[in-house]
There are 2 protein chains.
Amino acid sequence: MKDSKGQILKTSLLLFLQKGFKEVTMKEIVKSSGFSKGAFYHYFSSKEEVFKEVIDVYFSQMLHFDYNTLPSNSLQSFYKANLEILQNRDMILNSWYKETFEGDFPNNMYYILFDALRLLPEIKEQQTNRIQEELKAWEKVITNAMTTGEIKTRFSPKNLAKQFVYSSDGIAMHMIMISSSDKLFNEVKEIWDSLYESVKP
Amino acid sequence: MKDSKGQILKTSLLLFLQKGFKEVTMKEIVKSSGFSKGAFYHYFSSKEEVFKEVIDVYFSQMLHFDYNTLPSNSLQSFYKANLEILQNRDMILNSWYKETFEGDFPNNMYYILFDALRLLPEIKEQQTNRIQEELKAWEKVITNAMTTGEIKTRFSPKNLAKQFVYSSDGIAMHMIMISSSDKLFNEVKEIWDSLYESVKP
DNA sequence: TTGTTTAATCCGACTGTTCGGTATGTTTGT
DNA sequence: ACAAACATACCGAACAGTCGGATTAAACAA
């Protein structure tokens with residue numbers, strides 16, 4: 001079985017991550033995925049549709065993960081588990097990229113996210129919910145860690161949750177500007193480690 | 001005097017902030033600024049050039065400001081001054097926007113920044129330096145605040161500096177996703193206030 | 001197995017439109 | 001009169017999308 005549609009989808013994801021929706025041409029999608037225009041339009045009705053499917057199939061899943069599966073009994077294991085997910089995601093994308101293209105993967109999660117926010121209005125609500133859930137999950141773990149005595153701090157749980165979440169996004173932003181996303185993991189780790197150190201009793 | 005060139009530049013900035021370089025057409029630039037193609041090409045040689053000038057004239061100045069002019073004798077006054085700058089920048093852009101367009105200003109600093117990073121290679125180095133300077137400025141103020149006894153913390157100055165800087169960028173990211181940039185200021189204030197509270201002796 | 005039909009998959013030349021940019025003019029201020 | 005400032009009709013290239021047909025695979029019959 002030759003999952004042609006899947007091939008086109010995967011290639012499109014990588015191209016959109018590189019350059020954004022408008023900058024990627026049909027010619028590129030078709031050529032990079034190794035098919036023809038006819039093949040493409042056999043599986044998709046338009047360029048916009050392949051973008052939609054890319055977001056649904058890959059991107060939404062990449063951003064969203066179930067916090068219930070993460071260890072919530074301790075803040076330390078929770079944030080370490082988050083770090084691992086961050087690292088795995090990057091590894092998978094990188095290996096996919098190297099199957100299709102050459103050179104380093106200029107992973108720009110935000111570029112494709114911005115496009116999705118503009119082109120697909122339902123994404124905005126979806127993202128709002130995602131962020132709420134993420135903050136709530138952190139808040140819950142932090143509240144728990146405070147009652148068990150794992151940590152002790154002047155911060156409110158909500159506030160500390162924001163510090164963990166926002167700092168990682170801020171670092172991601174900076175990494176995009178100066179490239180080198182491999183440093184992202186280490187930088188986030190450093191900040192989260194020290195945040196954790198500062199609230200240990 | 002009819003600063004036509006300035007008018008075109010300002011309108012272009014607002015359009016690029018809305019939609020990014022590729023998505024803005026010459027037709028839009030020309031129509032929104034109230035001129036004709038002839039007028040545009042009298043002042044600029046290409047679409048790329050007006051983008052370059054927009055970055056040089058407006059955007060670089062918006063991102064870069066001289067930290068020497070900010071009060072550095074106390075961390076508190078330093079971060080409050082930073083907040084003020086944040087607020088002013090937003091106000092100016094909003095009032096400009098309302099002179100030319102209708103509705104709310106979908107300010108997306110990062111969209112235009114990403115485009116600049118791709119289209120103008122020299123911007124990357126410029127940004128790297130900017131970030132270094134920003135972190136250094138915070139670090140210096142924090143070091144000073146530690147010696148004067150204003151604050152007392154387990155964090156290293158560099159680390160605390162990163163927390164201030166990264167958190168604001170992370171918040172900005174989140175605000176773009178869920179719009180409402182007017183909340184940005186309050187959110188950054190909340191985090192910075194509590195960060196400051198946590199390191200007070 | 002072999003031949004035949006039918007559907008799925010794939011191809012690439014072609015189309016209408018939009019794009020950034022140009023050529024050639026007209027107006028305006030000095 | 002003569003630049004500088006603007007307007008507009010127009011151009012070729014690039015774009016997303018279409019179409020008739022070629023190729024392959026699946027289904028069925030002999």
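Only heavy atoms go into these numbers, but all of them, side chains included; no hydrogens, no water, no symmetry mates. Here is how names work: the chains are called A, B, and so on, in the same order as the sequence lines, proteins then strands, and each is numbered from 1.
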### Query
When you measure from every atom of DNA chain D, which of residues 40-53 of chain A have a heavy atom less than 4.0 Å away?
Y41(A), S46(A), K47(A)
### Task
Go through residues 5-26 of chain A and report each residue with a non-hydrogen atom lying under 4.0 Å from DNA chain D, sorted by number.
V24(A), T25(A), M26(A)
### Query
Does anything in residues 94-112 of chain A pair up under salt bridge (Lys or Arg N to Asp or Glu O under 4.0 Å), and if so which pairs, sequence neighbours excluded?
none
### Query
Which salt bridge (Lys or Arg N to Asp or Glu O under 4.0 Å) pairs, counting each pair once, include a residue from residues 44-60 of chain A, with sequence neighbours left out?
K5(A)-E53(A)
### Task
Quick one: sort the W192(B) and Y79(B) rings into parallel, tilted or perpendicular, breaks at 30° and 60°.
perpendicular
### Task
Could you pull out all residues at least two apart from Q126(A) that satisfy side-chain contact (heavy atoms from CB on, under 4.5 Å)?
S60(A), I123(A)
#### Entry: Side-chain-base donor-acceptor pair under 3.5 Å for K27(B) and dG20(C)
no
### Side-chain donor or acceptor of W138(A) paired with backbone N/O of K162(A) under 3.5 Å
no
### Length of the NZ-P vector between K37(A) and dC14(C), whole Å
14 Å
### Query
Starting at the 5' end of DNA chain D, which residue's closest nucleotide do you reach first, F35(B) or G38(A)?
F35(B)
### Query
Around atom NZ of K158(B), are there more than 12 heavy atoms of other residues, nucleotides or ligands at under 6.0 Å?
no
### Query
5' to 3' on DNA chain D, which nucleotides open and close the contacts with chain B (atom under 4.0 Å from a heavy atom)?
dA5(D) to dT8(D)
#### Entry: E134(B)/R130(B) ion pair, N-O < 4.0 Å
yes
### Query
Looking only at side chains, do Q163(A) and N159(A) share a donor and an acceptor under 3.5 Å apart?
yes
### Query
Do Y166(B) and Y166(A) have ring centroids that are under 6.0 Å from one another?
no
### Query
Can the ring centroids of F114(B) and F114(A) be said to lie less than 6.0 angstrom from one another?
yes
